[in-house]
Amino acid sequence: MPSYGGKQGLIYMAGQTGQDKKGLLGRTVYVVVVSLGFGLLFDLFFYEKLPGISFPLYIMLILGGIFVAARYFKTDIPRSAVLLMIPLLFFSCMVFVWAGGFITFLNIVISLYLLALILQAVFKPGVRIYNLAAYLRPLYLIPARLIGALRGTILEIGAMRSMVKKHPALPQIARGVLIAVPVLALFVMLFASADLVFRKYVSNLFSFDINGEWLLRTCIILFVTSALIGIFGYLASKGKEESAPTIEAEAKALAEPRGTIEAAILFGSLNLLFLGFILVQLTYFFGGEQSIAAQGFTYAEYARKGFFELIAVAVLSLLLILGAEKRLLGKSGKHSRWFTLLAAGLVAQVLIIMASAFQRLSLYESAYGFTTLRALSHLFIIWLAVIFGLLLYKIFVDKRESTFAFLAFLSVLVFLAVINIANVDAFVARKNIGRYYASGKLDVYYLGDLSDDAVVETAKLLDGPDPKLGGLAGSLYQKREALIEKDRYWQSMNISRKAALRALQAKAHLLEQETDIRIYNRS
């Protein structure tokens, strides 16, 4: 095992500079970013929170991270380390099962000790535990080895600075960042406008005070991140050697097709932003009224807005993916693996966001009633989901733009046919009438303003004794007079108007009676 201290560390770095195993830039970025992610998760899971399900979940994520890193860096995990993971998972899960303070303390301590034993088995494969001192060795050797591996990663970062400055892909990275920043800002504003809890998080993020608590949390995150950099840095340093591409070769691979790096930065950052928004939705919006109340909002207040902002997010995402897909497809007719994965991930998250928009609209209708625009919006969401499905088909199966355009055109025809067959105004009338029977709430004036297509449904309310339906009777009386006028000419014959007139003629005595009462009251 290489040591990272003093002159040996410099010799190790010199060797790594001459013969890179996984690409110095890619390896170091992987180690630092993944470790920082685990450090932030530690803060999310444990700061000011009692240990519970978060403890076994974090342990599982750490073990999963070790396996993924070992595979990525082509490092073998010894069998003894795998066997030790069984009791580690058991004792960590007991933190979730039992709530007693002493038993929880014991489970956490033994879990951390078993994790140290696993790291010892990984750091020094083949070692056998044959005496008492061997069981105590992880308590003082593992911290030293983690510090050494952390030092090696820091030296790599120092060596990487000069390499990055000369990297031919640097201009593409800069362009990708410049493109991603305004796009991210736009989506953050849309999400903040659509969701009150997300807006609260964004406000807290950009208006924090540097105080003692903030410094303490930062120190904890940096400590955990440093320890994990040691773990993943060691796995990177012990990876099986393979032919090392030059920096120029790496850059050329990244730069073909042109625009790949820019698209990767843009869609990678959008995936992270969308994931954060979805986690807020899963925690609060889909979590029920109690979760919303904990943030200081009522459920109706939380759900009453955001639909059109989320639809704007979906449409903009569709345009971005289509534009990038057309730009990157090129003459080869193939997508890069990274674009395929990131675009598919973004589409999947957009579908979840559209489900959130659909749910918001349903809640809004439950509170304030149905309108034609809201009903059409429901259908529009479904159609937009179909378009995203066609986009996935284009990315993974048939990349021809003509096929996508033809299928999208067919979907538009089907969408418009459904609108015709559904009779949206009649549907809105039925829904509002059903809501009236269930809750007694009814917007009489809106119901009376619906088109002639809804008259057959609205006329059914005339038999009710509710006095507030008198306004509806007045509107329907005027509709009947207008329909009689329109029916004078055969050129104006229309099936829906005929049905509406028949329904109103059948209720003529009620309409005239209500109208006479209103005239008498005015006089």
Side-chain angles (χ1 to χ4, degrees), residues 299-301 303-308 311 357-382 415-487 492-522:
Y299 205 50
E301 180 185 15
R304 69 181 300 173
K305 62 173 299 183
F307 171 80
F308 290 106
I311 292 300
F358 195 94
Q359 177 71 0
R360 282 176 186 274
L361 192 58
S362 299
L363 290 173
Y364 194 80
E365 287 168 333
S366 299
Y368 300 101
F370 290 74
T371 67
T372 301
L373 177 60
R374 293 166 196 166
L376 290 175
S377 298
H378 275 300
L379 293 175
F380 178 77
I381 293 176
I382 297 172
F415 172 66
L416 296 176
V418 169
I419 291 176
N420 278 275
I421 295 171
N423 190 357
V424 176
D425 279 359
F427 171 82
V428 169
R430 283 195 300 272
K431 286 293 185 180
N432 281 314
I433 292 170
R435 179 172 173 268
Y436 164 68
Y437 287 136
S439 64
K441 298 177 181 179
L442 182 66
D443 188 342
V444 174
Y445 298 102
Y446 180 78
L447 203 62
D449 285 338
L450 288 172
S451 71
D452 295 336
D453 294 333
V455 167
V456 174
E457 298 294 333
T458 55
K460 298 175 182 177
L461 281 174
L462 294 175
D463 296 323
D466 194 337
K468 70 181 178 181
L469 297 179
L472 176 62
S475 297
L476 293 179
Y477 179 85
Q478 294 176 3
K479 281 185 180 292
R480 190 191 70 154
E481 296 302 308
L483 286 170
I484 292 173
E485 181 66 24
K486 295 172 185 176
D487 196 50
S492 300
M493 183 180 293
N494 177 273
I495 294 176
S496 183
R497 283 198 291 268
K498 278 285 187 183
L501 182 57
R502 284 197 301 270
L504 293 179
Q505 292 289 35
K507 308 284 185 179
H509 62 288
L510 296 174
L511 294 175
E512 292 168 359
Q513 178 183 355
E514 181 62 33
T515 303
D516 291 340
I517 292 173
R518 294 176 69 187
I519 293 173
Y520 175 78
N521 289 334
R522 284 201 197 108

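R430 contributes atom CZ, which lies 7.0 Å from atom CG of N423 (distance to the nearest 0.5 angstrom). Annotation: the span from I495 atom CD1 to D453 atom CG amounts to 11.0 Å, rounded to 0.5 Å. Here the straight-line distance linking atom CG of L504 with atom CD1 of I484 works out to 9.0 Å at 0.5 Å rounding. Put simply, CG on D425 and CG on L447 are 10.0 Å apart, with the number rounded to the nearest 0.5 Å. Taken to the nearest 0.5 Å, the CG atom of L373 stands 4.5 Å off from the CZ atom of F308.
Scanning both residues, K479 and S451, for their nearest heavy atoms gives NZ-C, 4.2 Å. Of all heavy-atom pairs between F380 and F415, the closest is N-CE1, 3.8 Å. Across all non-hydrogen atoms, the minimal contact from R374 to L361 is O-CD2, 3.3 Å. The shortest heavy-atom contact between I433 and E457 is CD1-O, 3.4 Å. When all heavy atoms of A422 and F427 are compared, the closest pair comes out as O-CB, 4.4 Å.
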Verdict with reasoning, S496 to D452, per side-chain hydrogen bond (donor to acceptor under 3.5 Å, both in side chains): CA-CA 7 Å; S496 183; D452 295 336; over 6 Å; no
Residues E365, K431; criterion side-chain contact (heavy atoms from CB on, under 4.5 Å); working and verdict: CA-CA 10 Å; E365 287 168 333; K431 286 293 185 180; over 6 Å; no
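Listed by chain and number, the residues in a ring-ring contact (aromatic ring centres under 6.0 Å, His included) with Y446 amount to none (sequence neighbours excluded).
Checking side-chain atoms of R502 against main-chain N and O of V456 turns up no donor-acceptor pair under 3.5 Å. Although no hydrogens or angles enter the test, the distance criterion places no donor-acceptor pair under 3.5 Å between the side chain of N432 and the main chain of G369.
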